[in-house]
S.K.: 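This is the structure, below, for whatever I ask next.
As a basis for the values below, the full set of heavy atoms in this structure was taken, side chains included, without hydrogen atoms, waters or symmetry mates. Every chain is numbered from 1 and lettered A, B, ... according to where its sequence line falls, protein lines coming before strand lines.
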Number of protein chains: 2
Amino acid sequence: MSATTARKERERAAREELILDHAQRLLLRDGYQNLNLDELAEAVEYSKGTLYLHFSNKEDLALSVATRALQERADLFEQANQFTGRTRERIRAVGVACGEFARQHPAYFHVELMLKSASFWDRASEERKHLHSLQASRTFLSVNNIVQEAFRVGDISKVGTRPEEVTFGLVSVSMGSHIAAASRELAVACALADPFAVALKNGDIFCDGIGWKPLFADWDYAATDQRIRQELFPQATWLH
Amino acid sequence: MSATTARKERERAAREELILDHAQRLLLRDGYQNLNLDELAEAVEYSKGTLYLHFSNKEDLALSVATRALQERADLFEQANQFTGRTRERIRAVGVACGEFARQHPAYFHVELMLKSASFWDRASEERKHLHSLQASRTFLSVNNIVQEAFRVGDISKVGTRPEEVTFGLVSVSMGSHIAAASRELAVACALADPFAVALKNGDIFCDGIGWKPLFADWDYAATDQRIRQELFPQATWLH
DNA sequence: GTTTGATTATGACTTTGAGTCAAAAACTAT
DNA sequence: ATAGTTTTTGACTCAAAGTCATAATCAAAC
């Protein structure tokens, strides 16, 4: 690749990031339905045609926004995987990372939900779909690795249950909690103080339920939390 | 109200059901984005204008489809509430009802997810929104009643936890499991045999986690299941 | 520094489908 | 049968996604 082509490639990538930045902002403000490509073109100061040089259609664009966020999430998960300690402390680090991500990206779960609509996957390009599933695998493996090890070292010893079932449960609890917390009506009905904390708490209950040692009552997880925050998120400001 | 007016009202209601039936079918086949009102008008053999005599816009129509399904769900939940036995057996009856509903309405969770998109609630009519929240309350209360009683009789004795938090957890686990199970990729990665059974299993784990007595290991829940199926769903055919 | 051919960007245009409303059809009461 | 009222219609408007012929820009050769 010549020097010129390399520069062009860089410029193209930068423009794509610019488009994604604004698309994310508008998506967050208006939702997918009301995302207007004429307005987006206006915002990034390129023509609508140029948008289509990057993305094959609106779904493809939205999927890319979601994938970029998912990548950041996967990065956080893998970082959390570096945390040292008992396996249950490590899965907790992933839980905290997940909450931290949700705090920083209040719209992410909305976007992810949007992706569950079948029509999306019909229209998005194969390439973007592949990139998305790559990042999805990274988050899945981050969790599953820890669960596997927990079985290996005997911190989980539930007979008749495969590691993947536990991973599936953890993902379900986490996803469900965040989605449910995002539903204002339910959050109000349940008088939830901190919708992010509730996902962690539900995770604790689930882990206790499968008997993942050390159980919540048998360990100082407040200390673990503090260590997680110091080691993994030293920059973040913790209000509680 | 005169006899004529009464008849007209009946006819109008019947037409609305007809529209909702076909809308549900097309929504299931094509998703919300690709639901075409011209095609729907064609299918129900009324003009497009007539659709707008019933629903103020496309979102309003989709919300109505969702509400109708939710009503059926709330009916099942309230039926399940009649089940007699220990509180944990009763919550299990609700769980089975939830799974039975998911089996009968494979699209429901997709539609419910769609509703989480903010733009929906901006455009739907106040009346339809109210009807929806009414049905949502019914399902919430069905679960919350049992949880309250479990605290009252001492089957749950977790200090520092309010009943509503437990209810929120149960809803999260159930919703999360069904959504996660609907995601083909994850279900395949985890090699799930029965995506419906997994929601129940996750519920068991969660209940064990909060120490809801009798614990899963201390009671013959297979027998409870059989009783639930005989008493609540005698008509259904059980493959397992 | 000008020409030329290739690449890239544009925005006017096409198409699609949601939502409207004046006119037509159907119904009701006298 | 007729006049007045209500209901239904589908051609129309309008907004926004997606296209593509043309314009602008760029890179290499002379």
S.K.: Among dT10(C), dT7(C), dA16(D), find the nucleotide with the atom closest to the side chain of Lys8(A).
M.R.: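 The answer is dT7(C), which lies nearest to the side chain.
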S.K.: Base, sugar-phosphate alone, or nothing: which one does Arg12(B) contact when heavy atoms must sit under 4.0 Å apart?
M.R.: nothing
S.K.: Is Arg123(B) salt-bridged to Asp60(B), cutoff N-O under 4.0 Å?
M.R.: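 The answer is no: the pair does not qualify as a salt bridge.
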S.K.: Rounded to the nearest Å, what distance is computed from the CG atom of residue Leu37(B) to the P atom of nucleotide dG10(D)?
M.R.: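 Answer to the nearest Å: 16 Å.
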S.K.: Pick the nucleotide of DNA chain D nearest each of Asp38(A) and Ser56(A); which residue has the one closer to the 5' end?
M.R.: Asp38(A)
S.K.: Between Arg229(B) and Glu100(B) (salt bridge meaning N to carboxylate O under 4.0 Å), is one present in this structure?
M.R.: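 No, Arg229(B) and Glu100(B) are not salt-bridged.
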S.K.: Starting the side chain at C-beta, find the nucleotide from dT8(D), dT10(C), dG18(D) nearest to Leu53(B).
M.R.: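 So the nucleotide nearest the side chain must be dT8(D).
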S.K.: Using whole Å, report how far NZ of Lys58(A) lies from P of dT15(C).
M.R.: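 Distance, rounded to whole Å: 21 Å.
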S.K.: Starting at atom OH of Tyr32(B), determine the distance to atom C1' of dG17(C), rounded to an integer number of angstrom.
M.R.: 12 Å
S.K.: Any side-chain heavy-atom pair from Val143(A) and Ile91(A) closer than 4.5 angstrom?
M.R.: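 Yes, their side chains come closer than 4.5 Å.
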S.K.: Kindly compute the distance separating CZ (Arg90(B)) from CD (Gln82(B)), expressed to the nearest 0.5 Å.
M.R.: 8.5 Å
S.K.: Do other residues, nucleotides or ligands put more than 12 heavy atoms under 6.0 Å from the CD atom of Glu11(A)?
M.R.: yes
S.K.: Starting from P on dG17(C), measure out to CG on Asp30(B) and report it in whole angstrom.
M.R.: 11 Å
S.K.: Is Asn36(A) near enough to dA16(D) that one of its side-chain N or O atoms lies under 4.0 angstrom from OP1 or OP2?
M.R.: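 For Asn36(A), the contact criterion (side-chain N or O under 4.0 Å from OP1 or OP2 of dA16(D)) is met.
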S.K.: When you measure from the side-chain N and O atoms of Arg15(B) to the phosphate of dT8(D), is any distance below 4.0 Å, counting only OP1 and OP2?
M.R.: yes
S.K.: When the distance from NE2 of His54(B) to P of dT9(D) is rounded to whole Å, what number comes out?
M.R.: 10 Å
S.K.: Does Thr50(B) or Gly49(A) map to a spot on DNA chain D nearer the 5' end, using the closest nucleotide for each?
M.R.: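 Upstream on the strand: Thr50(B).
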S.K.: Using whole Å, what does the distance between atom C1' of nucleotide dT9(D) and atom CD of Glu45(B) come to?
M.R.: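 Rounded to whole Å, this separation is 15 Å.
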S.K.: Would you say Arg7(B) places a side-chain N or O within less than 4.0 Å of OP1 or OP2 belonging to dC27(C)?
M.R.: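 False: Arg7(B) side-chain N/O out of range (4.0 Å or more) of dC27(C) OP1/OP2.
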S.K.: May I ask you to verify whether the side chain of Lys48(B) and the base of dG19(C) hold a donor-acceptor pair under 3.5 Å?
M.R.: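 Answer yes: a donor N or O sits under 3.5 Å from an acceptor.
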S.K.: Of all the nucleotides listed (dT28(C), dA9(C), dG10(D)), which has the minimum atom distance to the side chain of Ser47(B)?
M.R.: dG10(D)
S.K.: Send over the distance from Leu18(A) CG to dA9(C) P, rounded to a whole Å.
M.R.: 13 Å
S.K.: Tell me: OH of Tyr46(A) to C1' of dG18(D), nearest whole Å?
M.R.: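 So the OH-C1' distance, Tyr46(A) to dG18(D), works out to 21 Å.
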S.K.: Just call it for Leu35(B): base, sugar-phosphate, or nothing, with non-hydrogen atoms closer than 4.0 Å on any strand.
M.R.: sugar-phosphate
